[in-house]
Visitor: 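I have a structure here, written as structure tokens, and I will follow up with some questions on it.
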Protein chains: 4
Amino acid sequence: MNDRSSRRTFKQRQKEACLAVLVEAAETVIYREGYHQAHMQQIAREAGCAAGTLYLYFKSKEELYQAMVTRHTEAITDQLRVAMATKRDPVEQLKAKTVSLLDYFNRHRAYFRVSFTEAPGGRADIKSNLRDRALKAYLEFKKHELATIKRAQKQGLLRTDLPAEELVEFVHGTTASTLARWSAQTSPPRPAAQLRYLWGFLQAGLGIRNEKESGTRNGKGNGHR
Amino acid sequence: MNDRSSRRTFKQRQKEACLAVLVEAAETVIYREGYHQAHMQQIAREAGCAAGTLYLYFKSKEELYQAMVTRHTEAITDQLRVAMATKRDPVEQLKAKTVSLLDYFNRHRAYFRVSFTEAPGGRADIKSNLRDRALKAYLEFKKHELATIKRAQKQGLLRTDLPAEELVEFVHGTTASTLARWSAQTSPPRPAAQLRYLWGFLQAGLGIRNEKESGTRNGKGNGHR
Amino acid sequence: MNDRSSRRTFKQRQKEACLAVLVEAAETVIYREGYHQAHMQQIAREAGCAAGTLYLYFKSKEELYQAMVTRHTEAITDQLRVAMATKRDPVEQLKAKTVSLLDYFNRHRAYFRVSFTEAPGGRADIKSNLRDRALKAYLEFKKHELATIKRAQKQGLLRTDLPAEELVEFVHGTTASTLARWSAQTSPPRPAAQLRYLWGFLQAGLGIRNEKESGTRNGKGNGHR
Amino acid sequence: MNDRSSRRTFKQRQKEACLAVLVEAAETVIYREGYHQAHMQQIAREAGCAAGTLYLYFKSKEELYQAMVTRHTEAITDQLRVAMATKRDPVEQLKAKTVSLLDYFNRHRAYFRVSFTEAPGGRADIKSNLRDRALKAYLEFKKHELATIKRAQKQGLLRTDLPAEELVEFVHGTTASTLARWSAQTSPPRPAAQLRYLWGFLQAGLGIRNEKESGTRNGKGNGHR
DNA sequence: AATGAATGAGAGTTCATTCAT
DNA sequence: GATGAATGAACTCTCATTCAT
């Protein structure tokens with residue numbers, strides 16, 4: 001039994017490694033060509049295998065695309081959760097999340113651009129493009145963020161004239177649209193400017209009061225004058 | 001001569017009517033199926049004509065799509081310009097523009113959804129999807145809006161810590177992303193809620209000072225606590 | 001009756017004029033574009049009428065093409081017959097025919113090129129491309145030429161080791177191939193050289209003896225040295 | 001290594017066999033229907049494969065056609081060169097070439113008919129229809145033939161009143177036109193008659209002096225000096 | 001008679017998917 | 001398990017022909 005289970009584990013790992021290679025190849029090609037212009041032959045060539053091999057691991061092109069989305073969604077939510085865990089103050093958690101997301105964004109612009117513009121089904125919002133595990137991961141993270149926002153509202157750190165649910169939507173919508181814009185530009189703002197920009201608007205939209213303690217605040221009084 | 005010119009006008013109108021019918025048919029089908037799944041045959045059937053007829057009016061599928069984009073872009077900018085002209089105060093102009101845009105949006109959700117997600121070239125931002133007349137109309141309107149924002153800044157009605165150019169980008173980005181989100185939802189907010197929502201965030205992001213009547217102002221004694 | 005018949009004659013002439021215009025337009029376009037790339041719309045535009053009008057005069061594109069072939073075939077055979085009638089000696093008749101044909105060729109290269117390379121049915125030899133009146137005109141002329149050759153043979157002016165029928169075929173084949181070649185060249189030989197060249201080979205192939213009497217002979221003794 | 005190279009050879013051969021099958025199928029259908037009426041579907045059916053398969057081997061219909069032309073051009077020039085190499089006397093070489101060409105012609109009438117009448121580009125002369133390898137093979141062979149003719153002229157076996165270049169053109173033009181004519185006839189002359197006929201005229205045109213056995217000379221001495 | 005917008009069958013070509021090896 | 005040649009349905013676009021005006 002020990003023998004069997006360790007062998008299975010090895011095979012599992014092997015399979016996972018294969019999946020990762022194929023998904024990365026797909027991402028590379030789709031980033032370069034766009035979803036519809038990315039052909040299975042090209043993806044296979046990029047991955048160093050035959051076209052038929054792709055179908056041993058994925059039922060269809062669409063499923064290969066979903067695997068790519070799932071992989072990123074899980075990676076993102078994992079990373080953001082970790083980032084939020086480094087802070088106690090809910091507003092700082094939200095900011096840390098934003099920092100971390102921008103970090104991910106800058107390392108994976110390929111993905112953002114494609115997911116915002118070339119989704120095979122053709123949906124514009126985040127949620128509609130997610131399936132199964134990706135959707136689950138996304139919704140769980142959103143719940144987590146909602147709780148954080150509610151906590152912040154209770155502590156009087158955020159505007160309360162809108163329900164927390166709507167604020168979460170605002171954060172995601174604004175963030176998504178901003179990243180979509182940047183992902184499509186040939187030269188988006190540099191990371192430092194990105195944070196100032198995005199967090200500035202989130203701050204404003206969420207009605208975040210003066211962060212007296214913040215070291216990244218860019219002026220006394222508040223952001224807008 | 002009178003005779004000739006009136007006859008030409010009739011023909012022109014007839015042709016324009018045809019174009020409108022075909023573009024509307026294209027919009028209907030593309031909305032239902034997405035750009036890549038919308039076939040010329042289906043569009044023709046929807047329009048009540050043969051597939052070949054489409055090619056009497058448009059050189060290619062892409063051009064048919066661009067005609068649809070141009071038509072809407074010009075209609076939108078015309079309508080927004082009119083709406084802005086009804087007010088004198090720059091902030092009120094911006095608000096009137098938002099109201100008018102939401103009005104257009106609710107009457108043409110098809111277009112927004114498609115243009116945000118299915119553009120044949122696959123670009124995420126507004127500008128990259130526009131060609132020729134559409135691009136010209138869009139840029140001219142943006143210039144107009146930029147002037148309005150600069151005027152508002154001079155009058156101390158908006159934040160001045162960011163250049164007007166960036167504020168315009170913010171307004172367009174936030175608006176686009178919000179509309180993109182709503183256009184993809186099966187049941188987006190009702191018009192009344194839409195305005196409160198979108199204008200609320202624009203107001204916050206632009207750092208608009210107390211409007212006399214506003215209950216959502218973020219200054220002291222303000223909406224969020 | 002006088003009244004009626006004169007009116008009919010006028011109408012007939014009108015119709016013939018129309019046919020001529022349309023055939024000429026077809027020739028122009030087909031020469032420029034080739035048969036398959038010449039579209040009925042273009043031909044109509046060239047003729048200054050609508051596409052539908054072509055079908056009032058010709059049942060199909062193929063028939064329009066045949067009309068063009070017929071027109072030229074009749075014009076050529078008429079002209080050649082006249083040219084031959086100016087001489088009494090059979091060899092001189094054959095030479096006069098060649099001169100006249102080259103004259104026609106140089107005034108209508110369009111037609112030769114097309115008829116040799118773009119015939120809709122795709123036949124290489126002269127006869128296969130002719131229908132009805134054109135075929136009749138061609139065969140009649142050939143019969144006339146055959147008689148001339150036979151006469152020349154009887155007078156001992158031509159080789160007699162091959163039957164006259166084969167010599168006619170040789171003359172037509174060599175002439176056709178030569179004109180086909182020249183019609184396809186951007187710069188074929190000048191008329192003077194053409195005659196020397198083509199007649200030179202016909203002379204040789206037909207086994208024409210020294211033309212002591214010929215006034216067009218270009219050297220004493222004979223053509224080749 | 002032995003293993004590898006033999007396997008590659010096998011694959012190469014397999015591919016070449018496929019190409020040959022497809023080209024032959026194309027030839028069959030094009031011969032039957034003509035180039036423009038020969039559809040890729042029919043060619044595929046003739047070859048016993050799917051339409052898409054053709055595109056694994058040829059980029060387009062035009063390229064498939066060119067492959068057919070190249071294949072024949074190379075086969076012809078190879079065969080003719082071999083035939084010429086069997087003789088030492090230049091005139092006999094030219095005659096052997098003609099014999100060999102007629103042999104090829106009778107085994108591949110399909111090709112001649114099509115190439116003379118249905119070339120996609122629509123040119124009448126040989127050269128204009130050749131691309132790349134085919135053109136190269138043709139030009140090289142022509143150079144070879146030119147040398148042969150020059151040699152014959154030096155030995156006083158051919159007329160010298162025309163430059164060798166023009167004589168080559170005459171040979172090719174006359175041969176091409178003759179084969180074009182025969183290829184289009186339902187019952188062309190039998191091989192024996194073909195040679196007598198074609199060589200007879202070439203002989204005359206080239207001013208070939210009495211061959212000892214020749215019965216086709218038409219006069220004592222001869223026509224040209 | 002003349003028009004020319006409309007037709008629609010059918011062309012060449014593509015590419016996700018399959019399956020014999 | 002891996003292959004990649006083969007598939008064939010489905011695409012966009014063309015153009016000779018028709019027919020209501």
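We use all heavy atoms of the structure for the numbers below, so side chains are in, but hydrogens, waters and symmetry mates are not. A note on names: the letters A, B, ... follow the listed sequences, proteins ahead of strands, and every chain is numbered from 1.
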Visitor: Rounded off to whole Å, could you give me the NZ-to-C1' distance for the C/Lys61 and F/dT17 pair?
Guide: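 It is 12 Å, rounded to the nearest whole Å.
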Visitor: Find the distance D/His39:NE2 to E/dA9:C1' and express it as a whole number of Å.
Guide: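 Nearest whole value for this atom pair: 11 Å.
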Visitor: Fit a plane to each ring of A/His108 and A/His72, take the angle between them on a 0 to 90° scale, and name the class: parallel (under 30°), tilted (30 to 60°) or perpendicular (over 60°).
Guide: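 Judged by the thresholds at 30° and 60°, the geometry between A/His108 and A/His72 is perpendicular.
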Visitor: Going by purine N1 to pyrimidine N3 plus the second Watson-Crick contact, or the G-U wobble pair, all under 3.5 Å, which nucleotide sits opposite E/dG12?
Guide: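 Paired with E/dG12, as far as the under-3.5 Å criterion goes, is F/dC11.
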Visitor: If you apply the rule side-chain contact (heavy atoms from CB on, under 4.5 Å), what do you find for A/Leu22 with A/Cys49, and how did you get there?
Guide: CA-CA 9 Å; A/Leu22 299 184; A/Cys49 71; 4.0 Å; yes
Visitor: Answer yes or no: does a side-chain N or O of C/Thr53 lie under 4.0 Å from OP1 or OP2 of E/dT3?
Guide: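 Checking C/Thr53 against E/dT3: at least one side-chain N or O falls below 4.0 Å of OP1 or OP2.
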Visitor: Write down the distance between CG (C/Leu54) and C1' (E/dG4), rounded to a whole number of angstrom.
Guide: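 In whole Å, E/dG4 C1' and C/Leu54 CG are 12 Å from each other.
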Visitor: Rounding to an integer number of Å, can you tell me how far B/Tyr55 OH sits from E/dA9 P?
Guide: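 Atom OH in B/Tyr55 sits about 16 Å away from atom P in E/dA9.
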Visitor: Considering heavy-atom distances to DNA chain E, does A/Ala51 or C/Cys49 have its closest nucleotide positioned more toward the 5' end?
Guide: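 The answer here is C/Cys49.
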Visitor: Can you tell me how far C1' of F/dC15 sits from CZ of C/Arg45, to the nearest Å?
Guide: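 Atom CZ in C/Arg45 sits about 13 Å away from atom C1' in F/dC15.
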Visitor: On DNA chain F, nearest-nucleotide positions of A/Cys18 versus B/Leu56: which is more 5'?
Guide: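 It is A/Cys18, whose closest nucleotide lies nearer the 5' terminus.
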Visitor: Expressed as a whole number of angstroms, how long is the span from D/Gln37:CD to F/dT14:P?
Guide: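 Going from D/Gln37 (CD) to F/dT14 (P), I get 19 Å.
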Visitor: Between P on E/dA1 and CG on C/Leu22, what's the gap in Å once rounded to a whole number?
Guide: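 Interatomic distance, CG of C/Leu22 to P of E/dA1: 13 Å.
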Visitor: With a 3.5 angstrom cut-off on both distances, give the Watson-Crick or G-U wobble partner of F/dA20, or none if there isn't one.
Guide: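 In the structure as shown, F/dA20 has E/dT3 as its Watson-Crick or wobble partner.
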Visitor: Can you tell me how far C1' of E/dA6 sits from CE of C/Met40, to the nearest Å?
Guide: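 Taking CE of C/Met40 and C1' of E/dA6, I get 17 Å after rounding.
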Visitor: Could you check whether B/Ala38 gets within reach of a base, just the sugar-phosphate, or nothing at all, counting any heavy atom under 4.0 Å?
Guide: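 Sugar-phosphate: the residue B/Ala38, judged by heavy atoms under 4.0 Å, touches backbone atoms but no base.
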Visitor: Could you report the tightest heavy-atom contact between B/Ala67 and B/Phe58, atom names first, then the distance?
Guide: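 Nearest pair, atom of B/Ala67 first, then B/Phe58: CB-CE2, 3.4 Å.
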Visitor: Hey, could you give me the CD/CD distance between A/Glu46 and A/Glu33, rounded to the nearest 0.5 Å?
Guide: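 Rounded to the nearest 0.5 Å, the CD-CD separation comes out at 10.0 Å.
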Visitor: So if I take every side-chain heavy atom of C/Gln41 and compare against F/dT3, F/dT18, E/dA6, which nucleotide ends up nearest?
Guide: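 Within the option list, the nearest is E/dA6.
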Visitor: Hey, does the Lys NZ or Arg CZ of C/Lys61 hover above the aromatic six-ring of C/Tyr35, less than 6.0 Å from the centre and inside 45° of the axis?
Guide: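 Geometry flag: set, cation within 6.0 Å and 45°.
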Visitor: Determine the contact category for C/Tyr57: base if any of its heavy atoms lies under 4.0 Å from a base atom, sugar-phosphate if only primed atoms, P, OP1 or OP2 are that close, otherwise nothing.
Guide: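 Sugar-phosphate, backbone atoms only, no base.
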